[in-house]
Amino acid sequence: MKIGIIGAGNIGGNLTRRLTALGHDVSVANSRGPHTLTALAEETGATPVPVEEAARGAQVVVVTIPLKAVPDLPKGFLDGAADDVAVIDTGNYYPQQRDGRIAEIEDGLPESRWTERQIGHPVIKAFNGTYADDILDKPQPKGAPGRVALPVSGDDETAKKVVRDLIDELGFDTVDNGGQDESWRQQPGTPVYGNRGGVEEIRKALAAATPERTADWRA
């Protein structure tokens with residue numbers, strides 16, 4: 001597939017490494033410009049592009065940038081994507097550590113729902129609780145004992161299937177966490193966040209979540 005990745009930090013960089021290794025056509029962008037991605041491009045064969053071009057022709061777009069930077073994404077950055085593009089949101093709200101106060105999220109709006117409103121497109125929430133190194137170190141074949149499972153949320157069932165199939169190809173199981181209104185179950189501070197369990201453990205962790213934010217995760 002043609003895949004655009006916006007953000008070349010730990011998650012974005014390692015997804016670029018794995019997806020290119022699997023044979024996908026990856027374009028990668030960051031806020032500092034393509035010239036800063038030369039080393040990653042040489043390592044992986046990905047194409048460094050401006051953010052405005054990352055989604056051009058893409059069937060999957062991964063947005064993996066700090067939440068506070070989402071409103072600064074170029075207007076219409078998804079306009080050139082495939083009509084049925086699946087947009088993956090890996091983001092987390094870190095008010096004390098990075099993002100500052102976002103009132104709507106503080107008032108209870110799920111983080112990925114907020115991101116949808118900023119970019120004007122539905123998203124599939126995935127990889128937000130995944131350790132970046134695990135993308136390289138933890139893949140296992142389908143059916144292998146101890147295969148790590150990742151929770152996935154989103155309203156668009158077709159896009160969700162594309163994302164779940166891609167995660168399976170990357171070497172992980174998935175657990176469907178329902179629509180975006182349930183995606184708070186994946187947010188920082190919940191039992192599933194950072195959880196390396198298999199399918200049953202992830203299901204139990206999602207079910208055990210409560211919507212109240214603890215003090216560590218409030219502004």
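Quick caveat: nothing in here was measured; it's all calculated off a predicted structure.
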For atom CG of Asp165, is the number of surrounding heavy atoms from other residues, nucleotides or ligands below 6.0 Å larger than 12?
yes
Are Arg185 and Val192 packed together at the side-chain level, in the sense that at least one heavy-atom pair is separated by less than 4.5 angstrom?
no
Residues which pass side chain to side chain donor-acceptor pair (under 3.5 Å) with Asn92, listed by chain and number, not counting sequence neighbours
Tyr94, Asn128
Are Val162 and Val123 connected in the hydrophobic side-chain network, where two residues link if heavy atoms are under 4.5 Å apart?
no
Listing, residues 144-155 side-chain donor-acceptor contacts under 3.5 Å, not counting sequence neighbours, or none:
from, atom 1, to, atom 2, distance (Å)
Arg147, NE, Gln140, O, 2.8
Arg147, NE, Pro141, O, 3.4
Arg147, NE, Gly171, O, 3.3
Arg147, NH1, Asp168, OD1, 2.8
Arg147, NH1, Phe172, O, 3.4
Arg147, NH1, Asp173, OD1, 2.7
Arg147, NH2, Gln140, O, 3.2
Arg147, NH2, Asp168, O, 2.9
Arg147, NH2, Asp168, OD1, 3.1
Ser153, OG, Asn177, ND2, 2.9
Ser153, OG, Gln186, OE1, 2.2
Asp155, OD1, Gln180, N, 2.8
Asp155, OD2, Arg113, NH1, 2.8
Asp155, OD2, Arg113, NH2, 3.1

For Ile11 and Ala132, work out which heavy atoms get closest and say how close.
CD1-CA, 3.8 Å
State which residues pass side chain to side chain contact (heavy atoms under 4.5 Å, CB included) with Glu157; sequence neighbours excluded, sorted by chain then number.
Lys160, Asp176
What is the distance from atom CG of Leu15 to atom CG of Leu170, rounded to the nearest 0.5 Å?
6.5 Å
Same apolar cluster (I L V M F W Y, side chains within < 4.5 Å links), Ile119/Tyr93:
yes
Between Pro34 and Val49 the two heavy atoms that sit nearest each other are CG-C, 3.4 Å
Please collect all salt bridge (charged side-chain N to carboxylate O under 4.0 Å, His left out) contacts where either partner lies in residues 124-133, sequence neighbours excluded, each pair once.
none
Do the side chains of Ile5 and Leu19 get nearer than 4.5 Å, heavy atoms only?
yes
Any idea which heavy atoms bring Gly13 and Leu40 closest together, and the distance?
O-CD1, 4.2 Å
Any non-hydrogen side-chain atom of Thr44 less than 4.5 Å from a side-chain atom of Val26?
no
For the residue pair Ala209 and Pro191, what are the closest heavy atoms and their distance?
CA-CD, 3.9 Å
Measure the spacing between CG of Leu22 and CG of Leu166 and express it to the nearest 0.5 Å.
8.0 Å
Counting only heavy atoms not in Lys2 (residues, nucleotides, ligands), do more than 12 fall under 6.0 Å from its NZ?
yes
Separation of Leu206 CG from Tyr193 OH (nearest 0.5 Å):
14.5 Å
Answer yes or no: is there a side-chain heavy-atom contact under 4.5 Å between Phe127 and Ile167?
yes
Enumerate the salt bridge (charged side-chain N to carboxylate O under 4.0 Å, His left out) contacts for residues 4-24, please, sequence neighbours excluded, ordered by first and then second residue.
Arg17-Glu43
Set of residues satisfying side chain to side chain donor-acceptor pair (under 3.5 Å) with respect to His121, sequence neighbours excluded:
none
Residue pairs, two or more places apart or on separate chains, that pass side chain to side chain donor-acceptor pair (under 3.5 Å) and touch residues 61-87:
Thr64-Thr90
Run Arg117 and Leu109 through side chain to side chain contact (heavy atoms under 4.5 Å, CB included) and show every step you take.
CA-CA 11 Å; Arg117 293 181 180 182; Leu109 186 70; 3.7 Å; yes
Under the salt bridge (charged side-chain N to carboxylate O under 4.0 Å, His left out) rule, what pairs show up with a residue in residues 47-60, not counting sequence neighbours?
none
Is the backbone of Gly4 close enough, under 3.5 Å, to the side chain of Ser27 for a donor and an acceptor to pair up by distance?
no
Between Asn14 and Leu136, what is the shortest heavy-atom contact and its length?
OD1-CD1, 3.5 Å
Are Trp114 and Phe77 connected, step by step, through hydrophobic side chains (Ile, Leu, Val, Met, Phe, Trp, Tyr) whose heavy atoms are closer than 4.5 Å?
yes
Report yes or no: do Val61 and Val163 belong to one cluster of Ile/Leu/Val/Met/Phe/Trp/Tyr joined by side chain heavy-atom distances under 4.5 Å?
no
Mind checking what makes side chain to side chain donor-acceptor pair (under 3.5 Å) contact with Gln59, not counting sequence neighbours?
none
Pairing residues for Thr36 by the side chain to side chain donor-acceptor pair (under 3.5 Å) criterion, not counting sequence neighbours
Asn30
Can you run down the side chain to side chain donor-acceptor pair (under 3.5 Å) pairs that involve residues 206-219, sequence neighbours left out, and say none if there aren't any?
Glu106-Arg218, Glu111-Arg213
Following the transitive rule for hydrophobic clusters with a side-chain heavy-atom cut-off under 4.5 Å over Ile, Leu, Val, Met, Phe, Trp and Tyr, establish whether Ile135 and Met1 coincide in one cluster.
yes
May I ask you to test the Leu73-Leu78 pair for a side-chain heavy-atom distance under 4.5 Å?
no
Minimum side-chain heavy-atom gap Val63-Ile65 below 4.5 Å
yes
Just jot down the salt bridge (Lys or Arg N to Asp or Glu O under 4.0 Å) partners of Arg196, sequence neighbours excluded, or say none.
Asp134
In Å and rounded to the nearest 0.5 Å, what is the OG1 to CG distance from Thr115 to Leu67?
4.5 Å
What pair of heavy atoms forms the shortest contact from Pro71 to Gln118, and how long is it?
CG-OE1, 3.8 Å
Do Asp99 and Ile105 have side chains that get closer than 4.5 Å, going by heavy atoms?
no
